[in-house]
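My questions all concern the structure below.
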Amino acid sequence: MVLSPVIRKLLHKRVVLASASPRRREILSHAGLRFEVVPSRFKEKLDKASFPTPYAYAIETAKQKALEVASRMHQKDLRAPDVVIGADTIVTVGGLILEKPVDKQDAYRMLSRLNGKEHSVFTGVAIVHCCTKDGQLDTEVSEFHEETTVKFSELSEELLWEYIDSGEPMDKAGGYGIQALGGMLVEYVHGDFLNVVGFPLNHFCKKLVELYYPPRRKDVQRVKHDSIPPVDTFENLSDTEQGSSDPAQGNEGGSHRRAEAGGDRGQIPAGSQGADSNGTVGITPQFPAGLLELIDGFKASKALFTACKLKVFDVLKDEAPLKAMDIAGKIDASVCGTERLLDVCVALGLLEKADRGYCNTDLADLHLASDGEYSLHGLAMHSNDHAWNLFTDLELAVREGANVAFGRKAEHPVQSKQTKLQFMRAMHGLTNLTARQVATAFDLSRFTSACDLGGCTGALARALTQQYPRLKVTVVDLPEVIEHVPCFQPEGRQTERISFVPGDFFKDDLPEAELYLLSRILHEWPDDKVHELLSRVSGSCKPGGGILVAETVLEENRAARGSLPASLNLLVRTQGRERSLPEYRRLLEQHGFWDVRLAHAGDRLDVVLGTRASPP
Ligand SMILES: Cc1cn([C@H]2C[C@H](O)[C@@H](COP(=O)(O)OP(=O)(O)OP(=O)(O)O)O2)c(=O)[nH]c1=O
């Protein structure tokens, strides 16, 4: 849904977020903005002393981040995006600028400075409009900053270290994340909360209004620029697509006139009024663009799946730019059909089109070509060939309240032979993208052996052994899964500290280990099976050992949108469900795991760690 027409203005542009911050991505995508993410390679090393204020430093860093991405994309594609957004968040206390801690000691120094005191969080934002003139990149930069005051409670050393050991501080300015565990350290916040999290959305919208709808003289009194205009003012703005600079589309009298009959184009969309045979004037509601986007959403997914299936992104990864005719030849498809599909992919931000032909965007190169560590091609193919069919049963599954497809079409996602490898590819790509975050969500260095139950291709095991040099990991999965594991071993990187054991974790003895891992396993099963599995793990785990569960943990107010499709997926596919932290805590405690803690491991994944208590 796009509430703000000013955000909608950007929907037709190619927008790039020059940031690796998952928080910024989340804030902007929840606001309905469509954009690509191209993290900036700009080294944040400007000389702080040369700036008159801390926010001038943050703004300049944001600007350099965005400009680096604009010029890199321009060099690569000979065409820059329309808009590049850069941001930089810093914390200031007692005249010092704090950025992200480099290690735990650094995090401790930062948090000790903030302890019991008020500090400021500044985010500098740069909005860079790009165009290409005679092959040269031309940019126009708009910038602003936002300040929020945050006060920390008095915190004990023990609490500070517990927080540091959670791993949360490491990628955050000032060494804390107010949106997660760090929220517990905070006594009060004055100002924009999202500014602390990394992106001042409210100020951003105001800036866009300023840029896209410069006030007409007549409007100066009407549009208050010290606040985001109320929604119906936005609607008015969106209705005059060419902006308010056209005095012919005058709009006198204020937004309350919207309900009045009359020929004021600034208030009511053109063509929205008409007299019926009785001469009564009706008003057509505003065009529901967001809703139509939802209705059409399946077409976009299917276009992506089809382009993946036809290996369009592989072809263009090998050779680009290519004309539609050449691509059609390589994928053995009709020219007219290929051209339409390619143009849709351009509109979806997956491809770029220039005079010399089509190219992949960075996003497609990285995630939609079938090779590469972070490829989601397998997931797209699994969604196309398997999930797509299951979702046709959604209505029935909702009516019955359970996975009607479960008994009818498949016993388990990896059971059908032709989908087995595809499912493994899907899980492999997805796990590669999140494994490091899962491995570092908690400090696991105290463990020397781990057992990953249902560990599939060993992607998580690899991230764990890379992170913890003393750790050995045994991956247990069904024999028909383990049989295909060699297809997924990255060349030359197989580590001797990982072993694969074929077995069924519901039936066979579990290998001995200090830490048991269950990544995206428990949500597949109903409570009785979860109890059965946890009781087996609990029986094998020695006191002081651990259990680490990686799942999307349901939480109020958090990324609900991201987890919704997943919860329906479970409804149509398995008998399982997503669970909340209290539910996981209860389940683990019932099986003798205490000190159950939660950490976030990215946009859609959380990690729950419990410690095995001594039997009474
Ligand atoms: C204070 C605070 C910061 N942060 C985050 C926001 C930013 O992501 C990060 C500050 O570092 P930044 O350098 O601003 O951003 P980044 O390195 O994460 O991403 P990029 O440079 O690619 O844009 O700290 C929180 O998530 N919560 C908080 O409470």
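Order of listing sets the numbers, starting from 1, for every ligand and every atom in it.
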SB check Glu44 Lys65 (cutoff 4.0 Å): yes
With heavy-atom distances below 4.0 Å as the criterion, list the atoms of ligand 1 near Ile178. 27 (N), 28 (C), 29 (O)
Within a distance under 4.0 Å of any heavy atom of Asp171, pick out the atoms of ligand 1 and give their elements. 9 (C), 24 (O)
Around atom OH of Tyr188, are there more than 12 heavy atoms from other residues, nucleotides or ligands closer than 6.0 Å? yes
To the nearest 0.1 Å, how far is atom 21 (O) of ligand 1 from its closest protein heavy atom, and which atom is that? Lys65 NZ, 2.6 Å
Under 4.0 Å from a heavy atom of Ala20: give me the atoms of ligand 1 that qualify, with their elements. 19 (O), 20 (P), 22 (O), 23 (O)
Heavy-atom nearest neighbour in the protein, as seen from atom 16 (P) of ligand 1, with distance rounded to 0.1 Å: Lys100 NZ, 3.6 Å
Can you establish whether the number of heavy atoms outside Arg585 located under 6.0 Å from its atom CZ is more than 12? yes
At a 4.0 Å threshold, what atoms of ligand 1 neighbour a non-hydrogen atom of Glu44? 13 (O), 21 (O)
So which heavy atom in the protein is nearest atom 5 (C) of ligand 1, and how far is it from that ligand atom? Arg23 NH2, 3.7 Å
For ligand 1, which atoms sit closer than 4.0 Å to a heavy atom of Ser21? 8 (O), 18 (O), 19 (O)
Within a radius of less than 6.0 Å around OH of Tyr55, do more than 12 heavy atoms belonging to other residues, nucleotides or ligands occur? no
Ranked by distance from atom 24 (O) of ligand 1, the top protein heavy atom is Ala173 N, 3.0 Å
Return the CG to SG distance between Leu67 and Cys130, rounded to the nearest 0.5 Å. 8.0 Å
Tell me which part of Ser19 gets within contact of ligand 1: side chain, backbone, both or neither, using heavy atoms under 4.0 Å. both
Considering residues, nucleotides and ligands other than Arg72, do more than 12 of their heavy atoms fall under 6.0 Å from its CZ? yes
Which heavy atom of the protein is the closest neighbour of atom 2 (C) of ligand 1, given with residue, atom name and distance? Val196 O, 3.1 Å
Looking at OG of Ser166 and NE2 of His600, how far apart are the two atoms once the value is rounded to the nearest 0.5 Å? 10.0 Å
Out of Arg24, Glu99, Glu26, whose heavy atom sits nearest atom 14 (O) of ligand 1? Arg24
Please report the closest heavy-atom contact between Ala461 and Asp452, naming both atoms and the distance. N-OD2, 4.3 Å
Are any of the N/O atoms in Val121 less than 3.5 Å from those in ligand 1? no
Does the ring center of Phe122 lie less than 6.0 Å from the ring center of His203? no
Can you tell me if Gly177 contacts ligand 1 (heavy atom of the residue under 4.0 Å from the ligand)? yes
of all protein heavy atoms, closest to atom 6 (C) of ligand 1 is Val197 O, 3.3 Å
Validation row, ring centre Phe152 to ring centre Tyr176 under 6.0 Å: yes
Do ligand 1 and Gln179 have nitrogen or oxygen atoms that lie under 3.5 Å from each other? yes
Candidate pair Glu118 and Lys151, rule salt bridge (charged side-chain N to carboxylate O under 4.0 Å, His left out), full reasoning: CA-CA 4 Å; Glu118 246 187 24; Lys151 162 107 196 299; over 6 Å; no
At under 4.0 Å between heavy atoms, what of Lys172 touches ligand 1? The answer is both
